[in-house]
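Throughout, protein chains are lettered first and strands after them, A, B, ... in sequence-line order, and every chain is numbered starting at 1. A quick note: this is a predicted structure, and the numbers were derived from the prediction, not measured.
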Amino acid sequence: MPELPEVETTRRGLEPHAAGRRIAAVHVYDPRLRWPVPGSLPKVAAGRLIDRIERRSKYLLFRLGDDSLLVHFGMTGSLRVYDSPPARQTHDHVDIVLDSGVTLRYHDPRRFGAVLWVRGPPEAHPLLAALGPEPFDPAFDADYLWRATRRRTAAIKPALMDSRLVVGVGNIYASESLFRAGIRPTTPAQRLSRMRLGRLVDQVRATLGDAIAKGGSTLRDYVDTAGEPGYFQLDYFVYGREGQPCRVCGAAIISVRQGGRATSYCRRCQC
DNA sequence: AGGAAAACCTGCGTGC
DNA sequence: TGCACGCAGGTTTTCC
């Protein structure tokens with residue numbers, strides 16, 4: 001499900017309901033996620049004031065004074081807002097009940113996501129400590145990407161999906177950004193010029209920005225906090241379009257596998 | 001050290 | 001209708 005645009009869309013949907021409210025109760029219905037939801041969570045979270053909700057990479061961070069509630073959506077996680085929650089369904093894992101009466105419900109069929117309690121500065125947490133820059137951080141620029149890829153013999157597409165290099169870019173948005181930048185996904189990263197990497201930086205930002213503006217992408221299960229889908233999938237140039245004509249040149253989009261993931265691209269537009 | 005592959009899960013579409 | 005298989009938005013872990 002969620003790459004950066006979907007997580008950011010979720011964050012924006014949660015913020016007005018959650019910021020400035022206190023957690024009245026946490027119910028853990030099924031702790032089985034990537035790591036078990038801590039049994040102590042209901043006790044430590046109850047009564048805490050949510051200052052704000054931040055996003056780092058694809059993680060959501062509910063900031064509660066010096067501590068944080070960290071949420072990741074894996075492939076199929078979602079967090080929805082309910083004024084009065086419906087009966088619990090299969091794969092509903094956690095409810096966060098706010099003092100306003102609103103319930104935030106975490107749902108995750110494949111259980112690759114996480115709900116963890118983090119004490120102290122979240123940037124020091126092992127999951128966040130080694131992350132590269134945010135795509136919209138000015139530090140992510142042509143010079144940075146050029147220097148960071150000089151010893152990378154791997155193809156640019158898996159490199160772009162490496163969170164040590166830059167965060168938030170998953171399989172969909174890596175493919176779409178490379179199309180927009182006119183770069184073939186199989187090109188060894190170290191062979192790309194500074195100028196072309198600069199173009200890639202620009203197109204990563206443009207692609208993510210456009211996707212956020214459309215509420216993210218909904219392929220199967222992603223819905224926002226109100227249960228609404230995103231619409232950016234309608235704007236895809238290459239992802240999931242193998243065999244179909246390129247929207248720019250008409251050539252058939254082809255698909256290859258890189259690091260176990262499907263990559264689609266246009267042979268004519270991407271060199 | 002970098003990189004590829006396996007591992008963690010459930011659900012759905014396809015083809016026999 | 002049923003079953004086997006492949007594949008899916010992520011990221012950690014393992015192995016070369």
Starting at atom CG of Asp108(A), determine the distance to atom P of dG11(B), rounded to an integer number of angstrom. 11 Å
In whole angstroms, the gap separating P of dA1(B) from CG of Asp162(A) amounts to 15 Å
Hey, does the side chain of His91(A) come within less than 4.0 Å of dG11(B)'s phosphate (OP1/OP2), counting only N and O? yes
Record whether the side chain of Arg34(A) comes under 3.5 Å of the base of dT11(C) through a donor-acceptor pair of N or O atoms. yes
Can a side chain N or O of Arg32(A) be found less than 4.0 Å away from OP1 or OP2 on dC9(B)? no
Between Ser163(A) and dT11(C), is there a side-chain N or O to OP1/OP2 distance below 4.0 Å? no
Less than 5.5 Å between centroids and less than 30° between ring planes, does Phe112(A) satisfy that with dC8(B)? yes
Inter-nucleotide P distance (dT14(C), dC9(B)), Å rounded: 14 Å
Please report the distance, rounded to the nearest Å, between CZ in Arg151(A) and P in dG3(B). 12 Å
Evaluate the criterion side chain to side chain donor-acceptor pair (under 3.5 Å) for residue pair Tyr29(A) and Asp95(A); output intermediate values, then yes/no. CA-CA 8 Å; Tyr29(A) 303 117; Asp95(A) 272 357; 2.8 Å; yes
Can you name the closest pair of heavy atoms from Ala18(A) and Ile50(A) and give their distance? O-CB, 3.5 Å
Tyr265(A) six-ring centre to Arg184(A) NZ/CZ under 6.0 Å and within 45° of normal: no
For Gln270(A) and Pro185(A), work out which heavy atoms get closest and say how close. NE2-CD, 3.8 Å
Taking 4.0 Å as the cut-off, does a side-chain nitrogen or oxygen of Arg257(A) come that near to OP1 or OP2 on dA8(C)? yes
Closest to the 5' end of DNA chain B, once Gly260(A) and Arg111(A) are matched to their nearest nucleotides, is Gly260(A)
Value in whole Å for how far the P atom of dT11(C) lies from CD of Glu3(A): 9 Å
Any side-chain N or O of Arg220(A) less than 4.0 Å from the OP1 or OP2 oxygen of dG9(C)? no
Could you state the CG-C1' distance from Leu160(A) to dG10(C), rounded to the nearest angstrom? 15 Å
Round to a whole Å and report the spacing from CE of Met161(A) to P of dG2(B). 18 Å
Do Arg110(A) side-chain and dA8(C) base share a donor-acceptor contact under 3.5 Å? yes
List, one per line, each side-chain donor-acceptor pair under 3.5 Å for residues 167-179 of chain A, sequence neighbours excluded.
residue, atom, partner, partner atom, Å
Asn171(A), OD1, Lys157(A), NZ, 2.3
Asn171(A), ND2, Ala262(A), O, 3.1
Tyr173(A), OH, Glu6(A), OE2, 2.7
Tyr173(A), OH, Ser217(A), OG, 2.7
Ser175(A), OG, Asn171(A), O, 2.9
Glu176(A), OE1, Phe237(A), N, 2.7
Glu176(A), OE2, Phe237(A), N, 3.3
Glu176(A), OE2, Val238(A), N, 3.0
Glu176(A), OE2, Tyr239(A), N, 2.7
Ser177(A), OG, Tyr173(A), O, 2.6

How far, in whole Å, is dC12(B) from dT11(C) if one measures between their P atoms? 23 Å
To the nearest angstrom, the CG-P distance between Leu219(A) and dA8(C) comes to 11 Å
Between Asp202(A) and Arg180(A), does any side-chain N to carboxylate O distance fall below 4.0 Å? no
Can Arg11(A) and Glu54(A) be counted as an ion pair, charged N to O under 4.0 angstrom? no
In dot-bracket notation, what is the pairing pattern of DNA chain C, taking Watson-Crick (N1-N3 plus N6-O4 or O6-N4) and G-U wobble (N1-O2 and O6-N3) contacts under 3.5 Å, with [ ] crossing and | for other strands? .|||||||.|||||||
Round to a whole Å and report the spacing from CD of Gln258(A) to P of dG2(B). 19 Å
Identify the two heavy atoms, one from Gly132(A) and one from Arg56(A), that lie closest to each other, and give their separation to 0.1 Å. O-NH2, 2.8 Å
Taking OP1 and OP2 of dG10(C), is either one under 4.0 Å from a side-chain nitrogen or oxygen of His72(A)? no
Establish, with yes or no, whether the OP1 or OP2 oxygen of dG9(C) is under 4.0 angstrom from a side-chain nitrogen or oxygen of Arg261(A). yes
Look at the side-chain N and O atoms of Tyr239(A) and state whether any lies under 4.0 Å from the OP1 or OP2 oxygen of dG9(C). yes
